[in-house]
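Here's the structure, in structure tokens; my notes come after.
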Amino acid sequence: MIAWSAVEIGDDHVAALRLLLKEGPEAWERLHKEKMATDEAAAGYMQMFYAAFTIAVRRKFGRAYTIHQIVQYVARLRIEFRENDDSDFSPRIAENAIRAGLGDQSLQKGDYPQAIEDVRGVQHLITAQTFVLFDVFLTEEESADGELVEEYVQEATELAQRWVREKQEAQLGERASGE
Amino acid sequence: MMVTIDKQLSALHALFSGRFEENRRLLSQLSSEELNVGYAAVISAAFFEITRRRFIRDGKPAGDDEIIEFVAEARGRTADAVDIIDPEVAEIAINFVLGKLPLDAYKAVDDNVGFRTKSLLVAIMVADEDFSESELDAFMAKVRGLTVESLQ
């Protein structure tokens, strides 16, 4: 289990997200090899990545959306994805990731691959999240005035910092009640 | 043992004619074996027939994109279709019937999820065909023949 007290979102994580948005997933892959050797080291980066994905889906779908809009969106993304790649990602995992990002309370615990043992699930999750993030980001970028990367970085940093704080507090609470 | 399928075919016929109450009533009269074996076989046969009818043109099966789009669209047809139809299972079931997948591709599918998914998809595809009464009768005769074959 990750000791969240040892995790803090800092300049490295901010720079990493900036690099990801500017240069694409390959740049992140390089970082992965250099800086994410342990769970604790990787945790900050993963929180930043999930935060950026969450910002993207919130910007795309806002507050008013239907599940079927998400279903149709994921279907379109998979069709595009398969044009350039002979792999695919699970539609259910992608839909549930988007719904989770939008705060859908009706999702069940088993709907979302979180356990690291679920290797296939986690791979599909990360592929889907990466593809959604870049689809939303690049579509917005076409009509943006150049500040978009910083907007994403700032919003994602605030969100990731909040999540880490919440996890630290939750873990402290667990420890206190366990003693 | 020879499984009789008359009651199951009647239930399916009611479903395809939009007589949902009758469909439910007939299904409730089936034993669990009549449901699990007979009705599942009837659904599978109807699914096979309607899927090939819809997605094979000039002897060629539809491409993956068309199947993905159809499944996504079908999952918006009713309020709970999005949960009933598992998208991965739906695509496997369709592509399997179209002969696009290896023979063991359907083995990994959970029986219940497969049954649920195919039941709703088959109803949607039959509704889309907008059969006349005589066309539906002809379709049901094919389903009967296929089911008998599959249970032998």
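A, B, ... follow the sequence lines: proteins, then strands. Residue 1 opens every chain. Keep in mind that what you see is a predicted model, and the values were worked out from it rather than measured.
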Would you say B:Leu35 and B:Val113 are hydrophobically clustered, going by side-chain heavy atoms of ILVMFWY under 4.5 Å?
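Different clusters.
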Taking side chain to side chain contact (heavy atoms under 4.5 Å, CB included) as the definition, give me every residue that meets it alongside B:Phe131, ordered by chain and number, with sequence neighbours left out.
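Per chain and number, B:Phe131 pairs via side chain to side chain contact (heavy atoms under 4.5 Å, CB included) with B:Ile50, B:Arg53, B:Val126, B:Glu129, B:Glu135, B:Leu136, B:Phe139.
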Could you check whether atom CG of B:Asp104 has more than 12 heavy atoms from other residues, nucleotides or ligands sitting under 6.0 Å from it?
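Count over threshold, so yes.
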Is it the case that atom CD in B:Gln29 sees more than 12 heavy atoms from other parts of the structure closer than 6.0 Å?
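It does: B:Gln29 CD has more than 12 such atoms within range.
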Chain B/chain A interface donor-acceptor pairs under 3.5 Å:
residue, atom, partner, partner atom, Å
B:Asp64, OD2, A:Arg82, NH2, 2.4
B:Ala72, O, A:His68, NE2, 2.7
B:Arg75, NH1, A:Glu95, OE1, 3.4
B:Arg75, NH1, A:Glu95, OE2, 2.6
B:Arg75, NH2, A:Glu95, OE1, 2.9
B:Gly76, N, A:His68, NE2, 3.1
B:Val82, O, A:Arg92, NH1, 3.0
B:Asp83, O, A:Arg92, NH2, 3.4
B:Glu88, OE1, A:Ser90, OG, 2.9
B:Glu88, OE2, A:Arg120, NH2, 2.7
B:Glu91, OE1, A:Arg78, NH2, 2.7
B:Glu91, OE2, A:Arg78, NH1, 2.8

So, using side-chain hydrogen bond (donor to acceptor under 3.5 Å, both in side chains) as the criterion, who are the partners of B:Asp6 when residues are at least two apart?
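side-chain hydrogen bond (donor to acceptor under 3.5 Å, both in side chains) check on B:Asp6 returns B:Arg144.
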Give, as side chain, backbone, both or neither, the part of B:Ile85 having an atom under 4.5 angstrom from any heavy atom of chain A.
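When you check distances to chain A, only backbone atoms of B:Ile85 fall under 4.5 Å.
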Going by atom type alone, with no hydrogens or angles, which donor-acceptor pairs under 3.5 Å involve a side-chain atom of residues 39-47 of chain B and a protein atom two or more places apart or on another chain?
residue, atom, partner, partner atom, Å
B:Ser44, OG, B:Ala40, O, 3.2
B:Ser44, OG, B:Lys118, NZ, 3.0

